Chemist: 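There's a structure below that I have some questions on.
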Amino acid sequence: MTPPVIEVRALLKTYGHGDSEVRALGGPRDPATGRQPGVELLVEQGDFVAVMGSSGSGKSTLMNILGCLDVPTSGRYLLDGIDVGGLDEHQLSLVRNRKIGFVFQSFNLVPRTSAVAQVELPLAYAGVKAAERRRRAVAALTLVGLADRLDHRPNELSGGQQQRVAVARALVTAPAMLLADEPTGNLDSHSTEEVLALVDRLNASGRTVVLITHEDEVARHAKRVLRLVDGQIVEDVRQAPVGGPPPAMRGAAHAVAGGLR
Ligand SMILES: Nc1ncnc2c1ncn2[C@@H]1O[C@H](COP(=O)(O)OP(=O)(O)O)[C@@H](O)[C@H]1O
Ligand SMILES: [Mg+2]
């Protein structure tokens, strides 16, 4: 049995103390028992989860904890079977590098750096040798449809292409999940479709995807939609996603993605 990619138990996150305490994740304290319900979440391998919620509902807090960028106030988080609660900063950085592919709204590409060099970066941190780095980076850029843009710098690429470079960079380490925060938030509708079609294809080939969005059009691509209100998951529904290749194509997508591992 493979462990869930995400297992979250009784997770609470508060900012500040005393009167200025802000509860970002978890429910209100029961005045009678003093108990506070935490967030519970299981995400299995291969799922595609959209996290929705209005501003201030706790999406970024959850994303930061799932991405091992921040720690909960209490509760447990197992990422791909690893209890990250006991890890120090260095160990966390290794877990982030190996297990998570981040995609941000603002792309976060390095200026004046070629696409292939951007995608090689996480492999350099992971200690992969130069020739192997280049081979894997080219494979990742080929997978996102940018084999003919290897030497292009961010300012020579469209927004959609820049985000596809960011997706290639997120994928190149073969992470346990893609964690995307409003990945199409800075894109026009054409580029949004381009990036979502790519995410659909990656999920169809077996990648686990957790995507934060406030747009229904984006969430429609997911297989499962979570809704956060005031730091609590109030809705967790499965749906037939739009997009995604027809079943006959899935084997082919898998074969291409397999070349990355
Ligand atoms: N660093 C912080 N210090 C204090 N309060 C914070 C901090 N970050 C977030 N919050 C509060 O936690 C709640 C959830 O915020 P956030 O996770 O950013 O929501 P969302 O991403 O859904 O807009 C909000 O009430 C917000 O004001
Ligand atoms: Mg936010």
Side-chain angles (χ1 to χ4, degrees), residues 5-31 35-43 47-79 84-85 87 89 92-93 95-96 99-109 159 162-163 166-167 170 177-187 191-192 195-196 199 208-222 224-237 239:
V5 175
I6 291 171
E7 180 172 353
V8 158
R9 298 289 175 203
L11 195 82
L12 298 176
K13 179 70 179 181
T14 52
Y15 294 107
H17 295 283
D19 288 346
S20 62
E21 187 176 282
V22 176
R23 174 169 44 80
L25 287 178
R29 193 180 298 282
D30 182 326
R35 284 215 197 92
Q36 219 181 333
V39 170
E40 308 280 332
L41 179 61
L42 275 180
V43 175
D47 212 348
F48 183 170
V49 182
V51 179
M52 302 197 76
S54 56
S55 179
S57 59
K59 301 184 299 296
S60 294
T61 303
L62 183 62
M63 153 107 183
N64 289 340
I65 292 173
L66 295 181
C68 300
L69 298 164
D70 197 2
V71 291
T73 306
S74 63
R76 264 159 72 89
Y77 174 29
L78 283 80
L79 168 59
V84 299
L87 304 183
E89 211 22 75
L92 280 177
S93 70
V95 166
R96 275 195 299 270
K99 298 289 183 188
I100 305 168
F102 291 96
V103 180
F104 300 99
Q105 178 168 353
S106 50
F107 319 143
N108 289 15
L109 297 180
Q162 289 183 59
Q163 193 60 306
V167 171
M177 70 167 155
L178 273 191
L179 191 53
D181 191 2
E182 302 280 3
T184 60
N186 281 356
L187 299 178
S191 300
T192 292
V195 167
L196 289 175
V199 173
T208 310
V209 179
V210 176
L211 186 162
I212 290 169
T213 183
H214 64 273
E215 292 180 80
D216 289 322
E217 286 303 299
V218 175
R220 274 168 11 111
H221 287 256
R224 179 181 173 195
V225 180
L226 302 181
R227 205 169 293 274
L228 276 176
V229 174
D230 285 344
Q232 290 188 282
I233 297 172
V234 299
E235 199 177 288
D236 183 350
V237 293
Q239 64 182 11

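Small disclaimer: the values here were computed from a predicted structure and weren't measured. Just so you know, ligand 1 is whichever comes first in the structure, and atom 1 is the first atom listed for that ligand. Atom set for the values below is all heavy atoms of this structure, side chains included, hydrogens, waters and symmetry mates excluded.
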Chemist: Quick check on side-chain contact (heavy atoms from CB on, under 4.5 Å): which of Leu179, Val43, Leu78, Thr208 does Ile6 satisfy it with?
Modeler: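 Checked Leu179, Val43, Leu78, Thr208 against Ile6; only one passes side-chain contact (heavy atoms from CB on, under 4.5 Å): Val43.
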Chemist: Return the set of residues passing side chain to side chain contact (heavy atoms under 4.5 Å, CB included) with Thr73 (not counting sequence neighbours), or none when no residue passes.
Modeler: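 Partners of Thr73 by the side chain to side chain contact (heavy atoms under 4.5 Å, CB included) criterion, ordered by chain and then number, come out as Lys13, Thr14.
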Chemist: In order of chain and number, which residues sit within 4.0 Å of ligand 1 by heavy atom?
Modeler: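 Answer by chain and number: Tyr15, Val22, Ala24, Ser54, Ser55, Gly56, Ser57, Gly58, Lys59, Ser60, Thr61.
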Chemist: Please find the pair of heavy atoms, one from Ser57 and one from Ser54, that lie closest to each other, and give the distance.
Modeler: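 Minimum heavy-atom contact is OG-O, 2.7 Å.
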Chemist: Would you say the side chain of Leu226 lies within less than 4.5 Å of the side chain of Leu41, judging by non-hydrogen atoms?
Modeler: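 Result yes, sub-4.5 Å side-chain heavy-atom pair found.
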Chemist: State the CZ-CD distance between Arg76 and Glu7, to the nearest 0.5 angstrom.
Modeler: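 Separation between the atoms: 7.0 Å.
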Chemist: Return all protein N, O or S atoms below 2.8 Å from the Mg ion (ligand 2), chain by chain in residue order.
Modeler: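 Listed by chain and number, the atoms are Ser60 OG.
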Chemist: Looking at Glu40 and Arg9, would you say the former's side chain and the latter's main chain have a donor-acceptor pair under 3.5 Å?
Modeler: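 Checked: no pair found.
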Chemist: Just distance, no hydrogens or angles: give the donor-acceptor pairs under 3.5 Å from side chains in residues 228-236, sequence neighbours left out.
Modeler:
from, atom 1, to, atom 2, distance (Å)
Asp236, OD1, Arg224, NE, 2.8
Asp236, OD2, Arg224, NH2, 2.9

Chemist: Heavy-atom distance under 4.5 Å between the side chains of Asp181 and Ser60, does that happen here?
Modeler: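 In short, these two side chains touch, coming nearer than 4.5 Å.
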Chemist: Specify the closest pair of heavy atoms between Phe107 and Ala166, including all atoms of both residues, with the distance to one decimal.
Modeler: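 So the minimum-distance heavy-atom pair works out to O-CB, 3.8 Å.
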